[in-house]
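In this chain, numbering begins with 1 at the start of the sequence shown. Counting starts at 1 for both ligands and their atoms, following the listed order.
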Amino acid sequence: MANKEKRILFSSEEIDKRNIELGEEISKDYEGKKLVAISLLRGSFIFASDLVRNISIPVEIDFLTTSSYGDQEETSGNVEIVTDIRSDIEGRDVLIIDDIMDSGYTMQYVIEHLKKKNPSSIKTAVMLDKPSRRKVDLKPDYIGFSIPDVFIVGYGLNYGDYYRNIPYIFTFD
Ligand code: 5GP
Ligand code: MG
């Protein structure tokens with residue numbers, strides 16, 4: 001990394017502001033209802049924790065871990081559930097939370113997997129969306145920021161084994 005420059009795309013303050021807006025929007029859309037928020041690990045743990053703290057309706061929180069074969073920067077279509085949710089989502093409103101939607105393979109696979117558990121609705125929230133990279137017909141319901149095709153690091157997103165804890169969103173130029 002020594003020869004690469006860090007370029008900040010979204011500061012911690014910008015991220016906080018956007019999370020407040022998203023939380024308000026979600027709370028309004030689900031007014032009078034309860035939500036099951038499902039955070040996809042590991043990448044969304046930071047975003048999910050910020051987002052749910054800005055949602056004012058009752059939220060149950062669960063986690064689902066996926067893995068995908070392929071190299072580090074590209075998701076392949078071969079998504080696998082490593083650890084499933086524990087809650088019973090039958091007849092409930094589900095919000096799937098992920099860090100970023102790229103090809104869309106991960107989200108599509110998770111949606112199909114959760115549909116089998118008969119929830120009454122499923123929506124999706126991502127902090128970052130890279131629409132130009134999409135391989136499936138899918139658009140997140142809630143988007144923090146829409147971005148071009150750049151490799152993102154920080155705010156839950158890793159580069160190798162590190163950088164998930166960096167509180168802002170950046171890329172290496
Ligand atoms: P998709 O299945 O939509 O192609 O990719 C989703 C997953 O790939 C994300 O949850 C994330 O783990 C990883 N990913 C996609 N784009 C990026 C990126 O720009 N940076 C990092 N660190 N991971 C990414
Ligand atoms: Mg991920």
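Without hydrogens or angle criteria, Ser49 side chain to Ile46 main chain gives a donor-acceptor distance under 3.5 Å. Within the 3.5 Å criterion, the main-chain N or O of Arg86 finds a donor-acceptor partner in the side chain of Asp62.
Taking a 4.0 Å cut-off on heavy atoms, Val153 fails to register as neighbouring ligand 1. At least one heavy atom of Val150 lies less than 4.0 angstrom from ligand 1. Using a 4.0 Å heavy-atom cutoff, Lys130 is listed among the residues neighbouring ligand 1.
Using a 4.0 Å cut-off between a side-chain N of Lys or Arg and a carboxylate O of Asp or Glu, Glu21 and Arg18 qualify as a salt bridge. Here Lys123 does not pair with Asp93 in a salt bridge; the nearest charged N to carboxylate O distance is not below 4.0 Å.
Residues satisfying the ring-ring contact (aromatic ring centres under 6.0 Å, His included) criterion with Tyr168, sequence neighbours excluded, are Phe170.
For atom 12 (O) of ligand 1, the nearest non-hydrogen atom from the set Asp99, Thr171, Leu138, Thr106 belongs to Asp99. By heavy-atom distance, the residue among Asp102, Leu40, Leu128, Ile100 lying nearest atom 13 (C) of ligand 1 is Ile100. Checking Ile169, Val136, Ile152 against atom 21 (C) of ligand 1, the nearest heavy atom belongs to Ile152.
Atoms of ligand 1 found under 4.0 Å from any heavy atom of Asp98 (numbered from 1 in listed order, with element): 10 (O). Atoms of ligand 1 found under 4.0 Å from any heavy atom of Asn158, numbered from 1 in the order shown, are 22 (N).
Between Gly104 and ligand 1, a contact under 3.5 Å exists for at least one N or O pair. On a distance-only criterion, Met101 and ligand 1 share no N/O pair closer than 3.5 Å.
Atom NZ of Lys33 sits in a sparse spot, with 12 or fewer heavy atoms from other residues, nucleotides or ligands closer than 6.0 Å. Other residues, nucleotides and ligands place no more than 12 heavy atoms under 6.0 Å from the CG atom of Asp137.
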